[in-house]
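Reading through the structure tokens given below for one structure.
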Amino acid sequence: MTENEEPGLPTGPGDSGGEVRPDYRFVPGALARSETGNSPEGGRGPGAQEPYGGGRGPEAAEPAPAPVPPPEPVYRLSPRSMMTAPVNLLKGFAVPLGVAVVVGNFNPWVLGSVAVAIVGMMLSGLFTYLTFSYQVGSERLEIRQGLINRHRRTIPLERVRGVDITSTLLHRLFGLAVVKVEAAAGGGREEEGKLDAVTIEEAERLRRVLLHRRAVLRGDTEGAGETAAEPGAAPAADEGTGEPGAAHGSPEPETVYFTMPTGWYFYALLSLAHLVTPFAVLAALLGLIGQVIGETGAAEEAVGWLLFRDVTLLIGVAVGTIVVLLLLMPVFAVVSYGITHWGFTLRRRGGALIAERGLFTRQSVTLEYRRIRGYELLDSPLERLRRAVRLRAVVTGLGETATRAMLLPIGDRARVEQVIEQALRPFRGLLIPHPGPALGRRLFRAVAPFAVLAVIAGGAGLYILAGAFAFVALLGVPLGVDRYRSLGHGYDGRRVSVRSGSLRREQAVVGREAIIGWTWSQSLFQRRSGLAHLELAVGAGSGGYTAIDAGFEESVAFAATVTPEMVRPFLERSPEPPDGDGAEGAVQAEEPEGPAS
Amino acid sequence: MVATVLSLIAWGMVSAAWPWVPGWLLEHVWWIPGVYLGYALVKTIVAPRWRYRVHRWEVTSDVVYTRTGWLSRAWQLVPVSRIQTVDHTQSWLERMFNVATLRVQTASYAGSSTIEGLDAAEAQRISEELAVRIGEVRDDAT
């Protein structure tokens with residue numbers, strides 16, 4: 001037992017020193033030991049306990065690979081999913097079935113077939129439960145499905161990119177959650193493993209186990225490692241090797257950075273999108289009602305009744321409805337925003353940030369620090385007026401970034417910055433404003449198109465239209481000025497920040513290691529005024545951030561300061577070492593070898 | 001080709017002289033193919049030569065550097081350690097002239113670089129060297 005135990009024990013890797021064991025994959029000792037622990041799942045088997053006490057080896061064990069934990073037993077979905085799956089399926093068919101019943105005039109044949117369909121769905125739930133199983137192996141997650149058409153999906157744990165847990169209202173009634181395992185397939189395609197549904201505890205456990213095993217397989221001692229966004233002053237409890245916690249089978253230490261204060265729901269009023277959403281919902285509802293009325297022939301009766309009434313009354317009712325709707329708009333906005341963002345929390349667990357939100361459907365997104373390359377701050381002029389801002393993470397390999405990379409809802413800038421300070425690595429530098437000619441270019445861009453339209457309209461004799469265009473062109477002046485004012489780029493020694501935009505201002509902050517390329521582009525007009533767009537390529541988020549109309553030579557020196565090893569060799573005159581003021585280095589080098597074309 | 005079509009249209013318009021076509025347009029209708037011809041001449045004769053003068057590339061052990069464009073220009077630096085794929089392609093036209101295109105891709109659309117019109121053997125050699133080098137220095141590459 002003792003020799004088997006060694007790699008699995010907390011002290012194991014430290015003791016084994018540099019000794020390289022040929023195969024750590026099967027460690028009976030570890031499995032046996034974990035069986036003695038208290039299982040939080042209750043009857044879920046030995047795997048409910050993480051059987052990898054010493055997995056997160058202390059730094060002393062650096063040379064020896066961390067032991068790969070043994071495979072877990074095969075699990076099934078929660079039996080309660082037999083209830084939720086058919087109901088979810090039924091939701092899709094409820095309307096057609098209902099219509100069939102109504103149209104069929106409650107004909108026994110129709111009723112009978114509907115009943116058969118419902119029973120079939122129930123049976124399919126049972127069938128899914130009986131045939132669906134999953135297993136966390138030492139190197140891969142296997143999901144088996146189907147009785148006749150067997151389907152087996154294998155996801156290598158190294159390729160797991162994230163584990164999302166979503167729980168709809170229905171699932172929550174049964175204490176269930178859907179686990180989605182996101183993985184990068186060979187060709188960059190996204191592959192997903194979906195477990196619909198397991199108990200909430202099991203979902204949390206799976207997330208922990210999967211992310212931890214992957215970290216072990218990749219040879220990270222700590223999930224976060226050397227990434228850009230990991231907090232500098234991280235809580236000590238998290239930075240530890242996790243040794244004691246894991247040994248006792250307790251969940252990894254957790255730090256809560258943010259929980260939604262009540263006042264923040266009212267920030268929905270600053271977002272046009274949320275103000276408009278209720279109308280979209282209303283339109284859909286009216287369409288549905290219209291359809292139903294049209295089918296039953298109630299429409300003619302209603303119109304007849306309305307025509308019988310006074311026309312003024314009719315108009316009064318219509319106007320009244322619109323006024324009420326307008327008054328209710330903010331209420332709707334706050335309510336709909338509240339439903340999706342209810343109880344927003346941001347916390348850190350181990351090497352990952354977890355953002356959770358939602359009133360009915362609870363969505364929880366895990367963003368690992370090793371995948372976070374930086375963050376984005378977004379705001380509109382209206383939000384700037386109220387000093388509100390949105391925070392989004394820049395994450396590698398994350399789809400649907402608009403909703404899933406969200407770290408904080410719209411909120412007070414000071415508080416957001418406080419969270420950045422705690423949860424991420426903040427940008428501490430100053431943004432360099434872009435040179436004067438950039439203002440001219442921004443103004444020209446904002447004003448010229450409408451000015452030209454105004455002139456054309458004026459020439460054609462359409463004076464009202466010309467006036468309208470001229471007005472819009474005038475509005476372009478403050479817009480252009482504001483766009484210029486928001487331009488800037490900066491470097492604080494570790495992170496680069498780029499800001500642009502006015503109606504949707506975006507400030508991106510990424511670590512210098514995250515930069516995977518520089519591109520300068522210069523149009524004919526920019527060349528005259530010595531400006532260029534500098535785009536920094538980042539293998540995360542939107543893929544690149546552009547410093548619009550930066551001074552060309554200044555931007556070259558800037559890039560050389562951020563990544564000297566990448567830029568310096570190509571400079572004719574190398575700027576002084578990083579903190580020097582060698583701002584005159586220029587990329588004019590005519591390379592000797594270049595038989596182009 | 002396009003010039004011929006435009007000329008035909010212009011000729012057709014003049015000879016048909018529909019009443020709904022304004023007179024000032026008919027008078028200057030030959031400007032349309034004329035302007036296009038001028039543009040085409042610039043595009044086929046001036047631009048490639050100009051481009052040839054502007055385009056530069058250099059592959060060091062750590063960075064792929066390219067300069068492209070003619071009226072507007074772009075400079076691009078891609079570190080070898082972040083390269084995901086190296087494509088070496090040759091279309092039938094390129095094969096006739098014994099040149100090739102080398103395309104270097106990273107995890108970001110903004111970090112992808114293309115070198116066109118390389119000598120075929122040279123492109124082959126560079127792509128192989130890059131592949132070896134990537135294997136040596138590659139990290140997570142994102």
Side-chain angles (χ1 to χ4, degrees), chain A residues 161 184 187-188 218 225-227 370-371 373 394-397 513-527 532-546 552 555-556 559-560 563 565-571 586-597, chain B residues 47-85 94 97 99 101-102 104-123 126 137 139-142:
Chain A
R161 284 195 141 151
R218 286 185 176 172
E226 62 301 316
T227 49
R370 54 170 293 132
R371 285 167 66 209
R373 296 287 179 268
V394 177
V395 187
T396 59
E513 322 73 33
I515 296 170
I516 60 173
W518 298 97
T519 308
W520 287 264
S521 53
Q522 191 177 45
S523 72
L524 211 55
F525 303 105
Q526 280 177 317
R527 191 161 358 145
H533 294 320
L534 169 59
E535 181 165 28
L536 41 134
V538 177
S542 58
Y545 298 98
T546 309
F552 185 47
S555 68
V556 172
T563 56
E565 72 285 354
M566 217 195 284
V567 183
R568 280 269 182 78
F570 301 96
L571 298 187
V587 178
Q588 293 299 337
E590 299 281 309
E591 275 64 39
E593 45 159 332
S597 190
Chain B
R49 283 154 206 278
W50 199 335
R51 278 182 184 278
Y52 180 73
R53 289 166 64 95
V54 172
H55 284 215
R56 291 288 181 275
W57 60 270
E58 184 175 345
V59 180
T60 69
S61 57
D62 294 318
V63 184
V64 176
Y65 167 67
T66 55
R67 188 173 85 177
T68 53
W70 58 301
L71 286 178
S72 54
R73 291 179 185 178
W75 294 256
Q76 189 162 39
L77 295 171
V78 177
V80 172
S81 59
R82 306 305 178 93
I83 291 174
Q84 303 255 12
T85 58
E94 284 177 318
F97 291 96
V99 291
T101 300
L102 197 68
V104 160
Q105 275 183 306
T106 65
S108 158
Y109 77 89
S112 299
S113 202
T114 310
I115 311 176
E116 282 176 358
L118 282 175
D119 178 64
E122 180 94 349
I126 293 170
V137 296
D139 52 14
D140 185 37
T142 49

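All values reported here derive from a predicted model rather than from experimental measurement. Numbered from 1 within each chain, the chains take letters A, B, ... in sequence-line order.
- In this structure, chain B has a heavy atom under 4.5 Å from the backbone of A:Glu565, while its side chain stays farther away.
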query: side chain to side chain contact (heavy atoms under 4.5 Å, CB included) between A:Thr519 and A:Leu534: does it pass, once the steps are laid out?
result: CA-CA 6 Å; A:Thr519 308; A:Leu534 169 59; over 6 Å; no
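- Interface residue B:Thr60: only side-chain heavy atoms are found under 4.5 Å from chain A.
- More than 12 non-hydrogen atoms from other residues, nucleotides or ligands lie less than 6.0 angstrom from CZ of A:Arg527.
- Partners of B:Ser113 according to the side-chain hydrogen bond (donor to acceptor under 3.5 Å, both in side chains) rule, which considers only residues two or more places apart in sequence or in another chain, are B:Thr66, B:Gln76.
- A perpendicular orientation is assigned to the rings of B:Trp50 and B:Trp70, their planes being inclined by more than 60° (bins at 30° and 60°).
- Contact of A:Gln522 with chain B is made through backbone and side chain together, with heavy-atom distances under 4.5 Å.
- Residue contact with chain B, scored on non-hydrogen atoms closer than 4.5 Å, involves the backbone of A:Ile515 exclusively.
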